[in-house]
Amino acid sequence: MRKPGKLLAFFLDKGTSERKRTMTQIKVPLLDLKKQYRQIRREVQREIRKVLESQALILGPEVKRFEEETAAFCRVPHAVGVASGTDALLISLMALNVGAGDRVVTSPYTFFATGGCISRLGAIPVFADIESRTCNLDPNRLEDVLKKMDGKKKRPKVLIPVHLYGQMADMSALMPIAKRYGMLVIEDAAQAIGARETSSRTDRAGKEWVAGAVGDLGCFSFYPTKNLGGVGEGGMVITRDGALAEKIRILRNHGMNPRYHHRLIGINSRLDALQAAVLRVKLRRLRRWTEKRRENAARYRALFAKTELRPSQVTLPEERKGAYHIYNQFVIRAGNRDVLREHLSQKGIGTEIYYPIPLHLQECYRDLGYGKGDFPESEKAARETLALPIYPELSAGQQRYVVQAIKEFFTTEGTERIEKNKKKGI
């Protein structure tokens, strides 16, 4: 058999490569930590080696330096490293003497740890609904809940606003409410390190508030998927109150100070030096990574604007006036959310639902007496929200692919699939 001529071989090869490109689907993961690690690998490995050579593995100088740098980043005098974001919440509640029968108000639309830490101490979670625009605690709904709690015995001890997805709750409105009802404030800023807002209160006009630094205590998580993520678990509590900071330091170490003298009943929740070493490397880059996330969010908005999709099909996340959103997640609302998610998965696009079941409808909270319909905005968000990829290393091409896939869903393939599912009764 004769070999094809050079020109024919060229076209054959070209056709093969075109087919390969067509067959190779673009992959857009929800998060790509390997890309981030490749940028900082040498520095991270060098810092880990230093810790291993020192053998100062629990707390110690590395953790102290990270605490000092985090405090400076958050514009507070005190930061205390703990073993996880969950422990940050738990120890904060312990430091404020929350115990059996106390009531703590928070959002039902959050990760379970927010409510779970309240319950673990024998306290009672009290829920108030969220704003539809931001998915954060609604000051008006909070006020409604508090007015219904008649008598001082029922009055809640602590308010936990959650800065969901990387945008601060409306602290300008929430703080006066907390003060009026005598509540201490713990900020669940697990997803919001670096977020800030310009206060709209007349007594603080033009002043900037930083996530975690507004209330009595602020809590961060360094779970690997966070904007500032470690190589395992880690957390931090920040505060302006020196006495509270000292109490948290004691509580994280079995309530011990000095050694083998236990002033309080604490827990074992010490940040290890390896986590601190990695987090210090990443903290130096956090502002730049945050700006990249914000650029990606702006690009999504521009791309979606060109699709002419209706708000009934896709609603983009709202950034409040005066807010600096750090976009731990870029969460859209979508009609036929679950079918859309299936469509995007088939296109190689990673997504996630944060969160599919609000806390008040979780099985373990059945005894609180809440039911379906009690918090309509939280329940609506649970049905409609979908997180798209937003990580700093995401390319413009990947974002165009994501938006095109969503547009395609609401124009051709998606419509057909929805109709088929309707016929099947799905």
Problem set entry | Quiz item: cation-pi between Arg196 and Tyr324, 6.0 Å / 45° | yes
Problem set entry | Asn296 versus Arg299, side-chain donor and acceptor atoms under 3.5 Å | yes
Does [Y] offer a backbone N or O that forms a donor-acceptor pair with the side chain of [X] under 3.5 Å?
| X | Y | value |
| --- | --- | --- |
| Arg75 | Trp209 | no |
| Lys247 | Ala95 | yes |
| Ser84 | Gly235 | no |
| Gln275 | Asp272 | no |
| Tyr109 | Tyr355 | yes |
| Arg294 | Tyr327 | no |
| Lys157 | Asn97 | yes |
| Arg293 | Phe330 | no |
| Arg341 | Thr351 | yes |
| His254 | His262 | no |

Is it true that, when you exclude [X] itself, more than 12 heavy atoms of the residues, nucleotides or ligands shown sit nearer than 6.0 Å to its [atom1]?
| X | atom1 | answer |
| --- | --- | --- |
| Glu308 | CD | no |
| Arg366 | CZ | no |
| Tyr300 | OH | yes |

When rounded to the nearest 0.5 angstrom, what distance separates [atom1] in [X] from [atom2] in [Y]?
| X | Y | atom1 | atom2 | value |
| --- | --- | --- | --- | --- |
| Asp138 | Ile130 | CG | CD1 | 9.0 Å |
| Asn253 | Ile248 | CG | CD1 | 14.0 Å |
| Ile186 | Leu184 | CD1 | CG | 8.0 Å |
| Met168 | Glu187 | CE | CD | 5.5 Å |
| Arg252 | Leu271 | CZ | CG | 8.0 Å |

Quick test of your reading of the model: are [X] and [Y] salt-bridged, counting only N-O distances below 4.0 Å?
| X | Y | value |
| --- | --- | --- |
| Arg288 | Glu291 | no |
| Glu68 | Lys64 | yes |
| Arg280 | Glu47 | no |
| Lys347 | Glu408 | yes |
| Glu131 | Arg320 | no |
| Glu377 | Arg141 | no |
| Glu318 | Arg133 | yes |

Problem set entry | Heavy-atom check, side chain of Val104 versus side chain of Ile160, under 4.5 Å | yes
Problem set entry | Side chains of Phe410 and Leu340 in contact at under 4.5 Å (non-hydrogen atoms) | yes
Problem set entry | Verdict with supporting geometry, Arg284 and Glu43, salt bridge (Lys or Arg N to Asp or Glu O under 4.0 Å) | CA-CA 12 Å; Arg284 292 192 282 271; Glu43 193 173 350; 2.7 Å; yes
Problem set entry | side chain to side chain contact (heavy atoms under 4.5 Å, CB included) partner of Val214, the single match among His163, Glu197, Met171 | Met171
Exercise. Quick one: are the ring centres of Tyr370 and Phe375 less than 6.0 Å apart?
Worked result: yes
Exercise. After noting the C-alpha distance and the side-chain angles of Thr134 and Gln167, does the key distance pass the side-chain contact (heavy atoms from CB on, under 4.5 Å) rule?
Worked result: CA-CA 8 Å; Thr134 65; Gln167 179 167 221; 3.9 Å; yes
